[in-house]
Structure formats: C-alpha cells, structure tokens
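The next block holds one structure in the form of structure tokens; read it before the comments.
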Protein chains: 2
Amino acid sequence: MATLQLASWATNLTYADLTTGVLAAANNSLFNWAGCAIGGFAFQPAPQIALQTTLSAFSGPPTSSIFGANGTISQGFADAQIAALVNGIASHVDDYDDTHLETIIHPAGPVASALFAIAEAYGPVNGTDFVTAFVAGVEAECKLGLSVTPEHYDVGWHITSTVGSVGAAVGVGNLLKLNTTIMQQAIGIAATQVVGMQEFFGSDTKSFHIGRAAQGGMIAALLAKNGYTSSLQGLEAKYGWLHVVSTRENATAYFDQLGHIWEIEKNTFKPYPCGIVMHPTIDGTIQLSNETREKGLDIGDVKSVQLRVNPEVMILTGKTNPQTGLEGKFSIFHAAAIGLLYGEGTPSQFTNDVVKNTTVVEMRKKVNVTEDESVPKDAAFVTLEFEDGTKLEKHVEHAKGSIENPLTEAELKKKFMEQVALAIGPSRAERAFEAFTEIETMMDVAKIRGRY
Amino acid sequence: MATLQLASWATNLTYADLTTGVLAAANNSLFNWAGCAIGGFAFQPAPQIALQTTLSAFSGPPTSSIFGANGTISQGFADAQIAALVNGIASHVDDYDDTHLETIIHPAGPVASALFAIAEAYGPVNGTDFVTAFVAGVEAECKLGLSVTPEHYDVGWHITSTVGSVGAAVGVGNLLKLNTTIMQQAIGIAATQVVGMQEFFGSDTKSFHIGRAAQGGMIAALLAKNGYTSSLQGLEAKYGWLHVVSTRENATAYFDQLGHIWEIEKNTFKPYPCGIVMHPTIDGTIQLSNETREKGLDIGDVKSVQLRVNPEVMILTGKTNPQTGLEGKFSIFHAAAIGLLYGEGTPSQFTNDVVKNTTVVEMRKKVNVTEDESVPKDAAFVTLEFEDGTKLEKHVEHAKGSIENPLTEAELKKKFMEQVALAIGPSRAERAFEAFTEIETMMDVAKIRGRY
C-alpha cells in the first residue's frame, strides 16, 4: 500500500494544506538551495565538467537555467534534463546544502533541481503550485528515508540520491497534476533507479548522485505522464524498492504520517561546507581558536588536539590524509585543523591549496580521535594541549545548524550572499536573494532567471 | 583490486587478443542485438513513448541512430545519450535478446546501445576497434555478474542493467582509449548508478533499465575522460558496488579469468520473445501441439496441462493472469497456452490481443505447475491430459537456444529477418543483415546507418 498511499497523498496535496511553518521551511530550503547551486557551479570543477565539457554537446533547446552559470545564454541554459542534472551537482558539490537530520538526507537538491528545470521548460507555473510541488517531493523523500533508516544508510547507500529520484518524481508529478495511478507509475520508474554509494564521498561523483537522481525522477514523471508503465507497488512489492535496498519491512508507519508530521519543518541548514558530523568539531575548534588568541596563547604551540565524538564521525569522515578540497570535506582531522588555524569553516578552507598547505597538514597530524557512543552526533568534546602543558577544553552540546541551534534568518541570508556574490557580484546577488525568497508569490516561477 | 584489475585488462585489450570463437560470438551478439533493436522499436510502445513523446524534446544535435525508427532524419536520430537510452529500451522490450545463462544477463543491450551511439557521434571508428570495445564491455558485465551470482539476483535486482552500466562504461572507455586510471574512475561513476529491480518485469520499465544503464555507463566514460573523479576502488571498497548490492565477498576469482575464459562465447540467443525460463515449456508444448495434430486429437479437448519445472520458473514468470503482452512474457501459464494453441512462440503470440483472447485465457487456466529442484532451468516435463483420458508427455532436456541446443546460423538469420523485415521491409532488412554482420570489416562503423 505504500506506493498508493504516497501517490494518493501527493496528488491530492494543495497549497491550502501547507501550514505557516511548512511554508517558512520551504522558503528557507528553496533559497538555501539556490545559494548552493549558484555558488557550487561557480567554484567547483564538477558541475562545469559535467555541463561544459561533457553534456552541453547533447543539449536540446536550452529552456532551463544553470543557475550558477554567469554568462551568455548558451553557457547559462540547457535542456531540462541536463539542467536538472547540472543544478543537482552544483547544489550539492560544496556539501553546504540542507540536512534532514534523522535520515541525513539533503532534501532540497533532487526535488528543486528537477522542479526548476521543468517549470522553466513547461511554464508558466504559479508560485503557490511550485511550492506545493516542492513540499510534496521533500515529504516523499524524507518519509521514504525514515522507512529504511538506519539500515539503508548503514549498507553504504547515499540516501539523499537513493530517495531523491522518488522525491523528484513526486514533486514533478504534483506539478504536472498527474492522477494517483499515473503518480504510482512515476514512483515506480523513479524507484528502480537507485543512484549513489558512500564510496564516492569526497569525489565529484558524490554530487553527480544528486543530479542524476533529479534527472531520473523528472524523466520518470514525464514518462509516466505519457503512458509508460511500471508497477503500482514499486515500493512495497517483494522485489521493489523497500525490500531490495533495505532489510527493513513494513514502511506504512511513516506514510501514515504524511500531512500530519511535516518533515520539511525539521530541515536544517549547514553553516560549514562539509560532512555534517564534522560540524560540532568545527564549532569547538573555532571557539578554542578564539580563546587561544584571547588568552595570548599561540596556535603554533598546540601539541595535540583530542576529539571525543560519536563513532559515526569516523565512519563518514575518517579521511586522515585528504589530498583535495573535496576529500577535506570528509576529514574530521581537516575540520579540527582549519577550525583552529583559520577560526572559520567556509568554502575557502576546503580548497585544494588549503588541504595541501604544510601548516594545515602538520596540524592534522596532531589530531587524535576517540570514538564514544555516548556522544550524540551533533556534539563534540575538544581538548587542546599546548607545549607548555596548558589545556583548553570545549564541549559543544549542539552544533550550529542543528535543530536546537539553528542558523538565524540573518545567518542564512549571509550564507546565501557570500556564496552568490562571489559568483555573480553583490548587486545581482541581492536581486537573486529577493527572487528566491519570493517564489511563493510569483505569478510565474519560469521567469525567475530574469529577476537577477 | 577488482576495479584496477578490470580497468587494466579492459584498457589493454586489443583486437589481436580476440580468438576466432570470440569474434564469431561477438558477431552473432551484435547482429542479434540489431534485429531486436529494430524490431522492438517498431512494434512496442515503450521505445516510442520514450523517444517521440518524451525525450525528443530534449535531444541535442541528432548524431546517432534510433535503429528501428523508419522515417525522416528527425524521427530516426537523436543525440548520443538519448539514442543509447532508446536503443537500449528497443533492444530489450521484446525480451527476445541474448542471454548469458550462468548469470541470466542479456549482455549485448547495454554495451551495444552505448557503443553505436558514441561511434556515430564521435566517429570514424574502425570495425575492429568497435568489436574490441564491445567484447571488453560484455566481459566486464559477465565477470561482474558472476561475482555476485546468485545472491544479487535473488535479492531482486535486474542483473542485466545493474552490471550493464559498468559494461557500457568499460566498452565506451575502451573505444575512447582511456588509460587505466581514468577507466577506474569511469567504472566508479558507472557502478554507483544501480538501475533495475525485478518488480518491473512485465512492464515498460523493464526495458528502461537497459536503456538507462547504457546511457549511465556512456556518460560515466565521458565524464571520467573529462576529468570527473570518482574512486579507484568503486567495485571492491567497503561501500562500493560489490558489497552494497551483494552479500558476496571477494570477487577476484572471476576477474582473474579475464581473457582466459571468454564469457561472450557462452552467449545464447532467444528463440522466443519472453522470459528465458519459459523456453523449455514452449518447446515442449509446441512439440505436443504438433503431436496432437498428427495423432488426430484436438487441442480443444485438452483437460489439463501439467508442467514440472525448476522453482525459479515460478519466481520469475509466475504471473497467472497476465493482462498485457508484456505481462504475458512473464507468465509460464501463457507460455504453455500459446505453445499448444499456436504451435509457435513468436512476437505475435505476446500481443495484448492474444493475451486477452478467451481461448488463450481458458487454456491458461488448465495449466498446473509443479516445482521441482531436480529439473534444470533449461528443461521441462510437460504432460497433456485429454477429456477422453489420453495422455501425451514430453521431456525437454535442453531448451532450444540453450548452450547444448543453440540456434543455428540459419535460425539466427531467420530471427533477424522476421523482426527487421516487418519493421523496414525485406530488401532493407537484407541490407541491414549484411551491414550488421560485417561490422568487424567496416572502415567506419559510424556509417552503418547509410548501408540499409
């Protein structure tokens, strides 16, 4: 029943169903996505290789924006299936996007990448319809993810993309006003495309997962709309998604919550562009970096750095000797080093140059990690020991960006502006911020690119 | 080491390494693929929905053939990534393609669909290079498949497509002359795209798996060539392909055999367009249909049909009450009914009309299946009981099309001609047969469409 239940809920979801809290969360999720998609495209090679070197040769009529491509029409647009793929890559490549903490899904990426591409290709699309479709897709991803958490992730799947194709199909299907049966078909075509394994974390392929999921889900919805058949029980069937990619049975509990518990309200936003389990350590080391300075001590005199963290931290971000900026995003050792040395954790601390910098490399070697089940994933204990025996300690209870310690609206805007201004300049960035925070009120979301 | 071993073997494979037996098998595999791709496009809605209704709007410059599209340039060509997808769908949609029996992989589909699309887009490509690339891709698929057989299939994965993206990447990578390290990257990008679950058998989505795998592998090779990074151990890493999609450990044994045991020599060709485990039953019922007529009995007087078959038959093709031609391809009950009633098993017996025909429906209801572990998958025991108590029995030891009882060269040509002549007429079909059986000697495979 899971497929029917999800399809039925998603096809019937309307703007009137969305609460104030849901709308606020959707708005934050959308503009945070846009900031990442614009910044990510401009500063990372992955989306540029994908678009310019590889896929532009295959693009049909360029209906849809590559939001971070700042140039001529031909550079900044592609057909919808390529735009969905490239924006998906760009929005995730910096590991700076959003996080649904219970599942570690980054929900906006697959859904927004597909929806903007489709809206621009087939618009006009009213802002309220767009936001409704986005919420439908995000809820679909998160409920599906909850149904298989933690077993699915523990096997090695990259859950954002494995549930992302279904989320994208549901979002696009809602926008295209598919009926329930066709939505079930779309969910099936999306579910059978399982993209993403954790081995590829720290490489360009991690963000490819999100792009390919966006594209796969979008195509699933279009194919289903045009009569392509799949299955009406693609999720719950014996050889369907829920059983093939997880040992967990019976997902109905989470689908029963659709529309009652809104997952999008739990969406959080990353203050640092790297694996989220590194965030409490960055918080702690930034605080200790400041304290060191305030006390007249010298970071150069640090003898050792002790971290006590949840064991998941080493599983996900245990790279001891990263060689590239992308690998640095999955190194708890790098996290501690840059927090101490730079007093911040911005995209500038995750470049190839910084990762290879001798001082940074030396500091990484001083970091020791103790794994402790009793430390929550959003917490960390950091202890600095100096050459003279001085010790400084910090306990981070809830990392910045967690549900208990969220980014403020001002911090979210600052994050957007920093990424986007570097890509397209401050005045266009200001206009982009306005545009992406006003989606709900737009008469036609397909016109968004013209606003900045 | 599996990824390095595969990449190293595949990048070093040259035409001189291919034995006479390998070349003959490659030739049969290629023209059989072409017959299926041409016939499948013409007679099934799936590839036409995918191309004409859905993806043609996204096509870039139409460099690559949709081999079964018989019309103007605009209908018959698309960009390479769409061509790979659509030809992949078309070549598999009739379930009439080839089979590597140990793994139940249909190996030509993903590899040939990607290679023709790339050759036409980036040619000239010498025939010997093309065949070498094809063999590299097929060996990659089958060795990878053997490494996880039967556990991987038993979970519910559609193995043709799950290994197919890697096969397509390896084939295209060989054609593009990637070096070993870049080939490893390509294998990684391909491996992380796991398309295909068995729930979708009997629907349009089954063949979508093959197309999406062809496309995913092709894009993986192109991205890697252009510097997109993934992992050098995408297959064997803890969170890589071999572990995430199978419980089996240590695949090295099969990769050690690369170039020593050639899997392509074991490729077989389907005499009937349906699930291969149904074939011995079709053989047996066709024989009994003839015997009934010869003995002056009437098929209308059959009271019951007893089948004794391997248990896998019911798992894969247990649909008791199929509603469409595609579902009929996965119904052992339908197989027995049409064998008896029509005395043949051609695409004409797997149409929506025949599946819904009252006489056929009645006959299906008379079929009883006994599962017996001791009966091999390519064997069947069939017993007819007539109203007057007469019994006729048939034991099929090795189904037609199996390794022990392969199609003859004449039968393979007949199969090609039947499919292709109906699509593009007998004289063009004859020229197409010539073209697709002479690939090895062509100066430029990119010109193949001009030959028929």
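Since we're looking at a predicted model, the values are computed, not measured. In what follows, every chain begins at residue 1, and chains take the letters A, B, ... in the order their sequences are listed.
Once rounded to the nearest 0.5 Å, the distance linking CZ of F58(B) with OG1 of T63(A) reads 7.0 Å. Atom CD of Q193(B) and atom NE2 of H209(A) lie 8.0 Å apart (nearest 0.5 Å). One distance of note links CG of N226(B) with CD of Q48(A); it measures 13.0 Å at 0.5 Å rounding. Atom CD of residue Q233(A) and atom CD of residue E199(B) lie 5.0 Å apart, to the nearest 0.5 angstrom. In this structure, CG on L55(A) lies 6.0 Å from CD on Q81(B), to the nearest 0.5 angstrom. The CZ atom of R212(A) lies 4.5 Å from the CD1 atom of I219(B); values are rounded to the nearest 0.5 Å.
If you tally non-hydrogen atom pairs under 4.5 Å between each of T324(B), T229(B), D79(B) and chain A, the highest count goes to T229(B). When the candidates K225(B), Q215(B), K206(B) are compared by the number of heavy-atom contacts under 4.5 Å with chain A, Q215(B) comes out ahead. Per-residue heavy-atom pair counts under 4.5 Å with chain B were compared for V155(A), L222(A), V194(A), T192(A), and the maximum is reached by T192(A). Between chain B and the options G156(A), P61(A), S203(A), heavy-atom pairs under 4.5 Å are most frequent for S203(A). Interface summary for chain A: among G188(B), S56(B), A191(B), the most heavy-atom pairs under 4.5 angstrom belong to G188(B). By number of non-hydrogen pairs under 4.5 angstrom with chain A, the leading residue of T162(B), T54(B), V195(B) is T54(B). Top candidate by heavy-atom pairs under 4.5 Å with chain A, chosen from W157(B), F200(B), Y228(B), F208(B), is Y228(B).
A 4.5 Å side-chain heavy-atom check between M197(A) and V245(B) finds at least one atom pair inside the cut-off.
Only the side chain of I89(B) comes within contact range of chain A, with heavy atoms under 4.5 Å apart. Only the side chain of Y122(B) comes within less than 4.5 Å of a heavy atom of chain A; its backbone N, CA, C and O stay farther away. Interface residue S59(B): only backbone heavy atoms are found under 4.5 Å from chain A. Neither the backbone nor the side chain of Q185(B) comes within contact range of chain A, judged by heavy atoms closer than 4.5 Å.
Between T205(A) and I189(B), the shortest heavy-atom distance links the atoms OG1-CG1, 3.5 Å. Nearest heavy-atom pair across I49(B) and L223(A) is CG2-O, 4.3 Å.
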